[in-house]
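Quantities reported herein were computed from a predicted structural model and do not represent experimental measurements.
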Amino acid sequence: MRETLAPNAGPPREAAGSRAAYSRHVPITTRWADNDVYGHVNNVVYYAFFDTAVNGLLVEAGALDIARSPVIGLVVETGCRYHAPLAFPDRVTAGVRAARIGRSSVRYEIGLFRGDADAASAEGFFVHVYVDRATRRPVPLPEPLRSVLEGWTRPASP
């Protein structure tokens with residue numbers, strides 16, 4: 001018997017990624033207000049988790065001073081694929097990697113992991129274009145930032 005797809009079905013979904021595929025890991029605190037009326041974390045909150053994880057790591061690494069860095073990242077593209085729900089009060093870990101580093105842009109990929117699960121509950125990305133804070137014109141990535149990001153391109157060590 002031949003399997004048929006629904007008329008609007010796309011290609012088969014990719015399997016959820018594993019923790020080891022991400023070079024950095026950040027604990028995320030879910031909040032009561034993150035749940036929606038369906039009893040799980042609302043989709044918009046996932047994007048806040050992505051932003052929090054990446055920017056927190058950049059601040060921690062000394063590659064971003066939120067108030068004074070002359071170069072800042074503006075989000076120009078985002079996406080998310082959901083594999084399993086998250087809900088308050090889940091413990092969540094965000095795995096982060098730099099998937100592509102360009103002249104003035106970076107594609108960050110983030111996996112959200114519930115509790116001790118090895119498979120991601122959600123995986124997403126966003127692209128930062130780095131610009132001059134005052135002019136908002138694209139600029140090359142500063143060398144200290146590029147150096148930090150290059151360390152994020154390798155998978156986690158066992």
Side-chain angles (χ1 to χ4, degrees), residues 8-31 34 36 40-86 90-114 117-158:
N8 294 329
R13 282 180 58 94
E14 292 180 29
S18 71
R19 286 179 190 260
Y22 295 90
S23 59
R24 299 290 181 270
H25 296 91
V26 179
I28 299 288
T29 302
T30 57
R31 304 163 306 161
D34 294 337
D36 61 19
H40 62 264
V41 170
N42 187 271
N43 60 306
V44 71
V45 177
Y46 289 75
Y47 289 94
F49 290 165
F50 296 165
D51 223 10
T52 296
V54 169
N55 286 297
L57 286 169
L58 290 172
V59 168
E60 182 181 289
L64 173 65
D65 179 328
I66 295 168
R68 292 181 286 282
S69 289
V71 173
I72 59 173
L74 300 181
V75 174
V76 298
E77 183 180 3
T78 64
C80 184
R81 175 169 286 145
Y82 304 93
H83 301 289
L86 297 172
D90 287 341
R91 287 181 304 108
V92 177
T93 300
V96 176
R97 63 183 173 221
R100 190 185 74 72
I101 303 171
R103 186 185 79 77
S104 62
S105 66
V106 179
R107 177 184 165 107
Y108 298 101
E109 294 180 345
I110 306 97
L112 299 177
F113 299 89
R114 180 178 183 217
D118 187 54
S121 291
E123 292 178 286
F125 74 93
F126 69 89
V127 176
H128 261 163
V129 170
Y130 282 84
V131 300
D132 178 89
R133 181 186 290 271
T135 67
R136 297 299 205 251
R137 300 297 307 155
V139 296
L141 298 174
E143 196 48 48
L145 173 61
R146 181 176 291 281
S147 178
V148 167
L149 295 173
E150 286 172 353
W152 295 7
T153 61
R154 296 177 289 280
S157 301

Partner residues of [X] under the side-chain contact (heavy atoms from CB on, under 4.5 Å) criterion, sequence neighbours left out:
X	result
N43	Y82
V106	A98, Y108, Y130, L141, L149
V76	V127, V129
E60	L57

Heavy-atom closest pair, residues [X] and [Y]:
X	Y	value
E123	Y22	OE2-OH, 2.7 Å
W152	V54	CH2-O, 4.0 Å
I66	R133	O-NH2, 2.9 Å
C80	A122	SG-CB, 4.1 Å
S104	V139	CB-O, 2.9 Å

[X]: partners by side chain to side chain donor-acceptor pair (under 3.5 Å), with sequence neighbours left out:
X	value
R31	D34
D36	N42
R107	E109
S105	R100

Can you pull the side chain to side chain donor-acceptor pair (under 3.5 Å) pairs that have at least one residue in residues 136-148, sequence neighbours excluded?
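For residues 136-148: none.
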
Residue list, salt bridge (Lys or Arg N to Asp or Glu O under 4.0 Å) with R91, at least two apart or on another chain
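With sequence neighbours excluded, R91 shows a salt bridge (Lys or Arg N to Asp or Glu O under 4.0 Å) to D116, given in chain and number order.
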
How would you list, by chain and number, every residue that makes a salt bridge (Lys or Arg N to Asp or Glu O under 4.0 Å) with D65, sequence neighbours excluded?
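So D65 forms a salt bridge (Lys or Arg N to Asp or Glu O under 4.0 Å) with R68.
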
May I ask you to check whether over 12 heavy atoms, not counting those of R114, lie within 6.0 Å of atom CZ?
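No.
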
Write out all pairs satisfying ring pair (Phe, Tyr, Trp, His ring centres under 6.0 Å) with one or both partners inside residues 50-77, taking only residues at least two apart or from two chains.
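Qualifying pairs: Y47-F50.
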
For the residue pair I110 and Y46, establish whether any side-chain heavy-atom pair is separated by less than 4.5 Å.
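No, side chains not in contact.
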
